[in-house]
Amino acid sequence: MTAARLGPQERDAALRAMADTELDVLVVGGGIVGAGVALDAVARGLSVGLVEARDFASGTSSRSSKLIHGGLRYLEHLDFPLVREALTERGLLLSRIAPHLVRPVPFLFPLRSHWERPYIGAGVALYDALALSGTRTRGLPGHRHLSRRAALRIFPALRRDALVGAVQYWDAQVDDSRYVVMVLRTAATYGAHIASRTQAVGFLREGEHVTGARVVDLETGREFAVRAKQVVNAAGVWTDEIQEMVGGRGQIHVRASKGVHLVVPRDRIHASSGLILRTEKSVLFVIPWGRHWILGTTDTAWDLDKAHPAASRTDIDYVLNRVNAVLKTPLTRDDVEGVYAGLRPLLAGESEETSRLSREHTVAHPVPGLVLIAGGKYTTYRVMAKDAVDAVAHGMGGGVPPSVTDRLPLVGADGYFALWNQRRILARRTGLHVSRIQHLLRRYGSLIHEVLGLIAEQPDLKQPLTGADDYLRAEVVYAVRYEGARHLDDVLSRRTHIAIETWDRGLAAAEEAAQLMAGPLGWDDAQIAREVEYYRARIEAERAAQEQDSDQEADAVQHGAPDIVPQATTVRV
């Protein structure tokens, strides 16, 4: 089966289909949960549409720690079912669903005193045991205990007095925003209609029953109705607002927790493993990420602009101080090449601290015809989607087949392992260095042939992108033609990670990337200039925010940069 595209023509066709046909399910929200709901529903034989007001994964789902993990710290809260569920999903993603996008990564847990070894060792042993109990495929090596000397061989950047020994264990990581696009393309391959930059501005009603939504194509301003038997809202941190829109008493309460991550070059920390550190409230990770490290995260309440959470100087200093407490050579702000902030949608509970709120998810039916799904974590998105579509099936009166996504590979997974083994053959055949082929395989899996096909049609696309030579020019064109990118920020921040992986935050690459996007999107010179200027303004606002001391000051600065496509402001029920 050929993977569906999410290009400009396909978006137009999806909007026409949603306007002309009553759907079984309309999904509002194009993050990982919404994408998962669309795939689960269409794979059960339901007709499905999905709308997203901004770019796919533009919120929480592109600003995570980029980990697929069980949540080692939840064992301290005795949350064994949540950890087991997440570890089961980790095994499925590694072995069956997305081996091209999810890969193992080791972590070192430094021990500050000898008494910690039995306590931490028992926790990590339980972690491994829960992974074994939840899946037939282990997929990852077991943990091991290390002396201080052995730990320092793996992580020479650690201060000798920062540990007496360590435990090493394995988890997994993912390119979060790329994963969302792959889930959406898989859903589209099975018939789902997918459109970004399309905002739901109100619900259609027959009495108390929700029968669809009014949506606006933000690119053209055209408003139309999408009729559906059930609407699933996967709004994340906007869940409470959606409940207010339908006039029902809130069954779910979500609080936003801000998580800030820093990106530093790989050569700033000499190590061959990730690192996990205990903090006074939670944990902090040092995560290998290609030629970089990702450091994070913070965990603080946020009640300001949800579309663009801002990282402040205080956030950045917090992360640097916690990491520097164990490093021989401290990092400074001059070592930080990228910063990003995201919001976790946590289910509100008794505690006032967001780090203690639940990471479990819940599904609610506040009014007939509307399903809300909230909470959870990236790793368990598939289970969340399954539960939401089970609620849809109940609302439709039954007769809907059970979920099959636990055995449904994403596009790009089939044939990935064979192609990985053939990477040197592919390099010789294409004239690309084997490291380039590995880069492409880890981003596209077996869909690499589509990228190579663009190069065959237009050989100059084989060259690296100016100012961001980790990426080929072909990847920019591919992002537009195949992956639904519609604006410059979509490519530089989410289809690639140039915005956080380069010292200038992608400004040197912006002009060339916009020129490459212009052809398939039909941009003229004025639109190219507009795209570059909007991107530059966004980067300048983010940098200015990162010099502010408080959330309020950072938000006020960053909130001043406009979006390239302003969202509709009218909400009607």
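Annotation: side chain of Leu108 is in contact with side chain of Leu158 (closest heavy-atom distance under 4.5 Å). Looking at Tyr169 and Pro106, their side chains never come closer than 4.5 Å, going by heavy atoms from C-beta outward. With contacts defined as side-chain heavy-atom distances shorter than 4.5 Å, the pair Tyr478/Leu472 does not qualify. Residues Val363 and Val371 form a side-chain contact, since some pair of their non-hydrogen atoms from C-beta on lies under 4.5 Å apart. Side chains of Val263 and Val339 form no contact here, defined as non-hydrogen atoms less than 4.5 Å apart. Side-chain atoms of Arg291 and Asp267, non-hydrogen and from C-beta on, never get closer than 4.5 Å to each other. Annotation: side chain of Glu85 is in contact with side chain of Val383 (closest heavy-atom distance under 4.5 Å). Within the 4.5 Å cutoff, the side chain of Val477 has heavy atoms near those of the Leu461 side chain.
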(request) Starting from the C-alpha separation in whole Å, work towards a yes-or-no answer on side chain to side chain contact (heavy atoms under 4.5 Å, CB included) for Trp289 and Gln173. (result) CA-CA 9 Å; Trp289 181 254; Gln173 67 179 170; 3.9 Å; yes

(request) Output, in order, the C-alpha distance, side-chain angles, deciding distance and verdict of side chain to side chain contact (heavy atoms under 4.5 Å, CB included) for Ile276 and Leu284. (result) CA-CA 6 Å; Ile276 179 173; Leu284 188 123; over 6 Å; no

(message) Checking Ser64 against Asp176 for the side-chain hydrogen bond (donor to acceptor under 3.5 Å, both in side chains) test, could you report, in this order, the C-alpha distance in whole Å, the side-chain angles of both residues, the deciding distance, and whether it holds?
(response) CA-CA 7 Å; Ser64 73; Asp176 49 7; 2.7 Å; yes

(request) Apply the test side chain to side chain contact (heavy atoms under 4.5 Å, CB included) to residues Leu67 and Phe107: give CA-CA distance (whole Å), side-chain angles for both, the deciding distance (0.1 Å), then the verdict. (result) CA-CA 12 Å; Leu67 292 177; Phe107 284 98; 3.8 Å; yes

(message) If you apply the rule salt bridge (charged side-chain N to carboxylate O under 4.0 Å, His left out), what do you find for Asp128 with Arg144, and how did you get there?
(response) CA-CA 11 Å; Asp128 283 352; Arg144 57 176 180 152; over 6 Å; no

(request) Check the pair Leu132 / Leu87 against side chain to side chain contact (heavy atoms under 4.5 Å, CB included), numbers first and verdict last. (result) CA-CA 9 Å; Leu132 280 172; Leu87 290 173; over 6 Å; no

(message) Is there a side-chain hydrogen bond (donor to acceptor under 3.5 Å, both in side chains) between His439 and Glu475? Walk through the geometry before answering.
(response) CA-CA 11 Å; His439 161 90; Glu475 296 182 76; 3.0 Å; yes

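Separating the CZ atom in Arg54 from the OG atom in Ser62 is a distance of 8.0 Å, to the nearest 0.5 Å. Leu75 CG to Arg84 CZ: the interatomic distance, rounded to the nearest 0.5 Å, is 10.5 Å. Taking CZ of Arg63 as the reference point, atom OG of Ser493 lies at 8.5 Å (rounded to 0.5 Å). Rounding to the nearest 0.5 Å gives a distance of 12.5 Å between CZ of Phe56 and CD1 of Ile32. Phe417 contributes atom CZ, which lies 11.0 Å from atom OG of Ser446 (distance to the nearest 0.5 angstrom). With rounding to the nearest 0.5 Å, the separation of CD in Gln463 from CD in Glu512 is 9.5 Å.
With hydrogens and angles ignored, the 3.5 Å screen pairs a side-chain donor or acceptor of Arg436 with a backbone N or O of Asp470. When atom types are taken as modelled, the side chain of Asp24 and the backbone of Leu46 share no donor-acceptor pair closer than 3.5 angstrom. With hydrogens and angles ignored, the 3.5 Å screen pairs a side-chain donor or acceptor of Glu10 with a backbone N or O of Gly7. Between the side chain of Tyr471 and the backbone N or O of His497, at least one donor-acceptor pair lies under 3.5 Å. Listed for the Lys66 side chain is no donor-acceptor partner under 3.5 Å among the backbone atoms of Ile287. Panel note: side chain Trp293, backbone Ile269; a donor-acceptor pair is recorded below 3.5 Å. For the pair Arg44 (side chain) and Ala41 (backbone), a donor-acceptor distance under 3.5 Å is absent. Between the side chain of Arg11 and the main chain of Ile194, no donor-acceptor pair closer than 3.5 Å is present.
Here Arg495 does not pair with Asp489 in a salt bridge; the nearest charged N to carboxylate O distance is not below 4.0 Å. Salt-bridge annotation for Arg185 and Glu450: present, with a side-chain N of the basic residue lying under 4.0 Å from a carboxylate O of the acidic one. Ionic pairing of Lys386 and Asp40 is not present here: no N-O contact between side-chain nitrogen and carboxylate oxygen is shorter than 4.0 angstrom. Using a cut-off of 4.0 Å between Lys/Arg side-chain N and Asp/Glu carboxylate O, Arg481 and Glu457 are scored as salt-bridged. Here Glu76 pairs with Arg278 in a salt bridge; the nearest charged N to carboxylate O distance falls below 4.0 Å. Between Asp175 and Arg442 there is no salt bridge, since none of the side-chain N atoms of the basic residue sits less than 4.0 Å from a carboxylate O of the acidic one. Of the charged side-chain nitrogens involved, at least one lies within less than 4.0 Å of a carboxylate oxygen, so that Asp490 and Arg197 count as a salt-bridged pair. The pair Glu483-Arg5 fails the salt-bridge criterion, with no side-chain N (NZ, NE, NH1 or NH2) lying under 4.0 Å from an Asp/Glu carboxylate O. Note on Arg494 versus Asp55: salt bridge recorded, some NZ/NE/NH1/NH2 to OD/OE distance being below 4.0 Å.
Side chains of Glu52 and Ser196: no donor on one and acceptor on the other come within 3.5 Å. Under 3.5 Å, the side chains of Gln438 and His433 contain no donor-acceptor pair of N or O atoms. When only modelled atom types and interatomic distance are considered, Thr297 and Arg344 share a side-chain donor-acceptor pair under 3.5 Å. A donor and an acceptor atom, one from each side chain of Arg382 and Thr405, are located under 3.5 Å apart. One side chain, Ser65 or His261, offers a donor N or O that lies under 3.5 Å from an acceptor on the other.
Pairing each heavy atom of Thr2 with each of Thr189, the nearest pair is O-CG2, 3.6 Å. When all heavy atoms of Gly70 and Tyr127 are compared, the closest pair comes out as N-OH, 2.8 Å. Between Leu50 and Ala38, the closest heavy-atom pair is CD1-CB, 3.9 Å. Nearest approach of Ala485 to Val491, heavy atoms of both residues: CB-CG2, 3.7 Å. For the pair Ala86 and Lys377, the tightest heavy-atom approach, listed with the atom from each and the gap, is CB-NZ, 4.4 Å. Taking each heavy atom of Val48 and Val42 in turn, the nearest pair found is CG2-N, 3.6 Å.
A tilted orientation is assigned to the rings of His100 and Tyr416, their planes being inclined by 30° to 60°. Between His143 and His145, the two ring planes are perpendicular [angle over 60°; tilted spans 30° to 60°].
Checked against a 6.0 Å centroid threshold, the rings of Tyr482 and Tyr444 do not count as neighbours. Aromatic pair Phe80/Tyr74: centroids not less than 6.0 angstrom apart.
Screening His292, Glu501, Arg505, Arg268 for a side chain to side chain contact (heavy atoms under 4.5 Å, CB included) with Glu337, the sole residue that qualifies is His292. None of Thr380, Thr379, Asp171 except one satisfies the side chain to side chain donor-acceptor pair (under 3.5 Å) rule with Arg90; the exception is Asp171.
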